[in-house]
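Written below as structure tokens is the structure these notes are about.
Predicted, not measured: the structure shown is a model, and the values here were computed from it. Residue numbers begin at 1 in each chain, while the letters A, B, ... track the order of the sequences.
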Amino acid sequence: MYPSPFTYHRPASVEAAVALLAEFGDDAAPYAGGTELLLAMKMGFAQYDHLIDLKRLPTLRTIANEGEFLSIGALATHAEIAADPTVRDLLPPLAALCGEVANPRVRSSGTIGGNLCFAEPRADPPALLAGLDATLILRSTSGERAVPAASFITGALETVRAADELLVRIDILLSERRVRYERIVFGHRTVAGAVAALGAPGQPERIWVGGVATCPAPLPLTQSLLDAEPGAADARLHDAVTQDIAALDIADDEEASADYRRHLAATVALRAIAGCREELQR
Amino acid sequence: MPPDVPTTGNERLDKVTGRAVFASDITVPGMAHGRILRSPLPHAKIVKMDCTAALALEGVVAILSGEDLADLAQPYWGLYFNDRPVIAHEKVRYVGEPVALVVAETPAVAQAALDRIDIDYTPLPFIDNAGDAIAPDAPRLHGNLEAIADFYFKGQARPVSGTNIYQLYAISTGDTAAAEAEAARVFEHTYTFPGIAHYAMEPHCVTAAFEGDRLTVWSGAQSPTAVQKVLSRVFGLAYANVQVIVPHIGGGFGGKASVKIDPLVAAASWKAGRPVRVALTQEEAMLTCRRLGASITLTTAVDANGIILSKRAAILLDGGAYADTGPAVTVKAANRVIGPYAIKNLEIESRAAYTNTVPGSAFRSIGGPQAVWATESQMDEIAAALEIDPVDFRHRNLLPRGGKVLDSLRPLDADISEMMGHAGQAITSMGDRPAAGVAVAATDPGVLPLGGALVRLLADGSVLVMANSADIGQGVRDVLRNVAAKTLNQDPAAIRVAGPDTATTPFDWGTGASRSTVIIGLAVEDAAQDAREQLLALAASALEIPLDGVQLVPGGVATGSETIPFDRLFHTAFGIDSGEIVGRAMVTPSRKGSDFATSPLFWETAVGACDIALDEDTGALAVTRFAGVADIGHAINPAGAEGQEEGAAIQGLGHALYEHLAFIDGQPVNATPIGYRIPAAGDVPHAARTVLIENADGPGPMGAKGMGEGGLLPVAPAIANALARRYGIRLRDLPMTPEKIWRALRERDSDVP
């Protein structure tokens, strides 16, 4: 009901924010949209002595076309990404997804960076960004490092971000791949999501699922099959997807039994691949 | 002293502008805040409770626990049994039961103090479902309790001694064995229905202030006089010294009916010597009460022509840890499982059992959704087996208007057959295909005809209607305003509806069972009529003209030649331009001109029809078109009436597809707004119609019947019937989640050779 008491900081620069993180480490949490963090704190699932409010750091919300890649500030909200002309132009599936996640209230305050760092297993953007082979830029007092979105989340609510690091932006390499994100949502929760990014000459095919296991996961057999045979028949695709998903660690939960969730994951993965193929044939 | 609770002329405007006052808006000078420590175990003895560290926390005022109960006049209370302690006493019976209430200067301090209370429990064997509760060797939750008669509902519960069964109710007519022996076919199916959270937008909130032997309570209560009665027993206070004030209510659905946290909060104020406010969270509201889950086995015999010869029903309800109004739910489930059908031979046994789960209580159409889910699903199953169209099968068996569901009940006052026709037409008006699923219902609201009203005409022509009907979002104040306006021939804008406040508004049983429009509507009509007669007599006498020479007109009286405003009339009659006319009325079972001897006072009828779309890959279902039909006699507040029907249907959609308050090993697993899904705007069918039948044949003002519950009833079976008809799968367990649908589809496909 009430979060445990904390000290509120509102740094005036990214440098100051990173310095606070360095000072307080594990006792601090960056506070962006607050849609997940504050809820977790109010429900007693998370406690921090220090909240570092990033909302007054406009440089963190810039969205820019950098030529080779699209750069999205970690503080950009879902609604801002959904409405941004550059994202809509260069990566329509990302804009579309950000326009559909959760509800208008969450979209208008929740941020893409917060969504990634919170690493809620049912979130959609992490899987899509992993599928897009995005790069996350983390900053600390000792400088910046780049982490692939594909290896950023390591488990439920777990990432490779160190306590003194701040996610500052997401760089998405622009490619010729056709991208399709498919998901199944019951109520306000995704029960299975999948992205297919296919068809760029010389680049490996990427198929990832999200909202299924504890963190986004690639479908390696399926990727290899499509790398080798872009036109692989549906039955073989189905087998590869099914095998890939059988290898994932998926548990029964209140929303879905494991076998049903596997079925849903396979369904969205095949739908995403089919959607991409349709676009490639146009 | 306590602030007035403003009620203005336009509740909707007040609500959308944030001016409307709800229970949680009440502040009282000196008020402290309470937070509740709840049991983590489903069944346990409290061996030790140490509050020393919590009391030492700065800002903590007092802590109420079971040890304080000895000083209360009546520490255990209830509506059918005094089975519930004001706060857990020596043992706990469900996860979430209040075991200590910390009163502190702020809610945050009270919350922080909860962690400092040290309690040792000894776990006891527990039961978390009704099937286990009735097993011969089941652990018992309560000793043998004495049933209280005619305390809240008429009648008393009939518990089965030595068991967890707190209510056993049976109906027996004719000879079902003989009917089954001669039947062409006998069908037996079991249908299950889960516990469901009320999920009112506003959780329970109560502020209580003791001053010596006087207790004032602000509560979002549907039944203020029941709260007053129970509080008077618990604390040994005169009714006149217990004042219950009800501000606006942010939804109730029965979850705020009878009595809920009021005794607990009042006891905290009594212990602390301060006014105390307790505002529950939604999570806590979900641990306070719920709809009773049910398992219903129906055995129905039909002849070769598709005529139902007999019906047996075995109903078992999961009552939770305390009986609350569960005994009434048990009775109504039995009456409501019959349906609006002509069935000569009936054998119905309905039982409710205690379990170590959240207490079951009243919820919009008590026992109705459970019963109608079973009956209307089975109607389609039988029709399918007999290869009769399900609508036709219903037509063959429906009672006509005036037919009797049971000899003891009032004849049916609606034409269900005609209503089915309207539902079918409404569906085809929204799309090409006919309805995929249909269900009907006729329920007998438990309306106690006891409630009063005052209608005060003030010197400036404004009117105060004073009644104890709670506005739970259903728009009852608009109804009462319209009734008073019509009877007094005054502009509705001149009329303000005040209350509930037990100190100033006359007794009323409570807001529930679809009764307010009929009973308090009549009380307001009678009181307005009384005021009218007094006014006309006053005018005739003061103006020295014959009684038939005056009539009421907006703002005053007319004599034919001139219109005299009320203040001039009062000036002439009383010597100054002040004063008022007080019209009063109390509707009782013997009200003149009403037939209140037979129950129900009216039938609440509903027909629902739908079409659905199904993603067969995933089991995801959408209701694409929905039509609801209700016979409500007369819509006094048409927009409100339609809103009630549609809201009920959407709540029914939640029951059908999403909602299930689940327990695993006695632990609630989804009792949070995150874990528990209710319908959202996006789930509502884009094409929906409500048809209201108005023949002005109800017992209420202008021929109105009560309404607002029925729309919920047909939704789940109509959807299940649509799934069977369009997709060949039959689900008998609610809610019909995508996973259950997917499994049924897989089973269907594996059965195909």
Side-chain angles (χ1 to χ4, degrees), chain A residues 1-6 35-36 38-45 47 100-106 120-123 182-194 211-212 234 238 241-242 250 252-272 274, chain B residues 33-36 38 104 106-115 203 278-284 615-622 653-654 657-664 667-683 735 737-746:
Chain A
M1 182 192 185
Y2 293 98
S4 56
F6 56 84
T35 56
E36 294 181 290
L38 297 188
L39 194 61
M41 290 177 72
K42 284 179 186 174
M43 295 183 78
F45 298 151
Q47 289 188 9
E100 284 174 9
V101 296
N103 54 59
R105 200 164 62 102
V106 166
E120 151 66 40
R122 303 286 164 246
E182 289 282 340
R183 60 182 194 145
I184 291 166
V185 182
F186 295 155
H188 51 257
R189 302 240 272 189
T190 297
V191 284
V212 176
D234 286 349
H238 183 274
V241 165
T242 308
I250 299 174
D252 288 338
D253 65 20
E254 295 142 38
E255 258 150 351
S257 306
D259 64 334
Y260 178 53
R261 203 184 285 278
R262 285 181 200 281
H263 167 76
L264 293 179
T267 303
V268 286
L270 290 167
R271 283 180 181 179
Chain B
H33 299 265
R35 293 289 299 152
I36 297 166
R38 294 174 181 276
T106 68
V109 170
Q111 178 74 26
L114 298 183
D115 289 340
V278 175
L280 300 190
T281 62
Q282 188 62 253
E283 288 88 335
E284 290 181 293
D615 178 345
E616 292 198 56
D617 285 343
T618 64
L621 180 148
L653 189 70
L657 302 182
Y658 314 129
E659 300 187 49
H660 174 198
L661 193 65
F663 300 89
I664 296 176
Q667 296 286 337
V669 292
N670 63 350
T672 72
I674 294 174
Y676 191 89
R677 180 178 175 194
I678 57 169
D683 300 315
T737 60
E739 181 169 342
K740 286 183 198 166
I741 293 171
W742 174 72
R743 289 192 193 286
L745 289 167
R746 277 209 314 184

Whatever's closer than 4.5 Å to a heavy atom in chain A on B:Glu283 counts as side chain

Can you list everything that forms a ring pair (Phe, Tyr, Trp, His ring centres under 6.0 Å) with A:Tyr260? Sequence neighbours excluded, please. B:Trp742

Considering only heavy atoms, which portion of A:Ser257 lies under 4.5 Å from any heavy atom of chain B: side chain, backbone, both, or neither? both

Distance-minimising heavy-atom pair for B:Pro107 and A:Tyr2: CB-OH, 3.0 Å

What are the two closest non-hydrogen atoms of B:Val669 and A:Glu254, and how far apart are they? O-OE1, 3.4 Å

Atom group of A:Arg271 that falls short of 4.5 Å from chain B, counting heavy atoms: side chain

Is A:Asn103 close to chain B through its backbone or its side chain, or both, or neither, when contacts mean heavy atoms under 4.5 Å? neither

Smallest heavy-atom separation, B:Glu739 atom then A:Glu255 atom, equals OE1-O, 4.1 Å

Which one, A:Met43, A:Arg261, A:His263, leads in non-hydrogen pairs under 4.5 Å with chain B? A:His263

Please check if the number of heavy atoms outside A:His238 that lie under 6.0 Å from its NE2 is greater than 12. no

dist A:Leu264:CG -> B:Thr618:OG1 (nearest 0.5 Å) comes out at 6.5 Å

Measure the CG-CG distance between A:Asp253 and B:Asn670 for me, rounded to the nearest 0.5 Å. 11.5 Å

What residue in B:Asp615, B:Asp683, B:Thr737 has the most heavy-atom pairs under 4.5 Å with chain A? B:Asp615

Does B:Glu616 have more than 12 heavy atoms from other residues, nucleotides or ligands lying within 6.0 Å of its CD? yes

Please output the residues of residues 674-682 of chain B in contact with chain A, using a heavy-atom cutoff of under 4.5 Å, in numerical order. B:Ile674, B:Arg677

Quick check for you: among B:Ala662, B:Gly619, B:Pro738, B:Ala108, which has the greatest number of heavy-atom pairs under 4.5 Å with chain A? B:Pro738

Ranked by heavy-atom pairs below 4.5 Å to chain A, first place among B:Ile664, B:Thr281, B:Asp617 goes to B:Asp617

With a 4.5 Å cut-off on side-chain heavy atoms, are B:Arg746 and A:Asp259 touching? yes

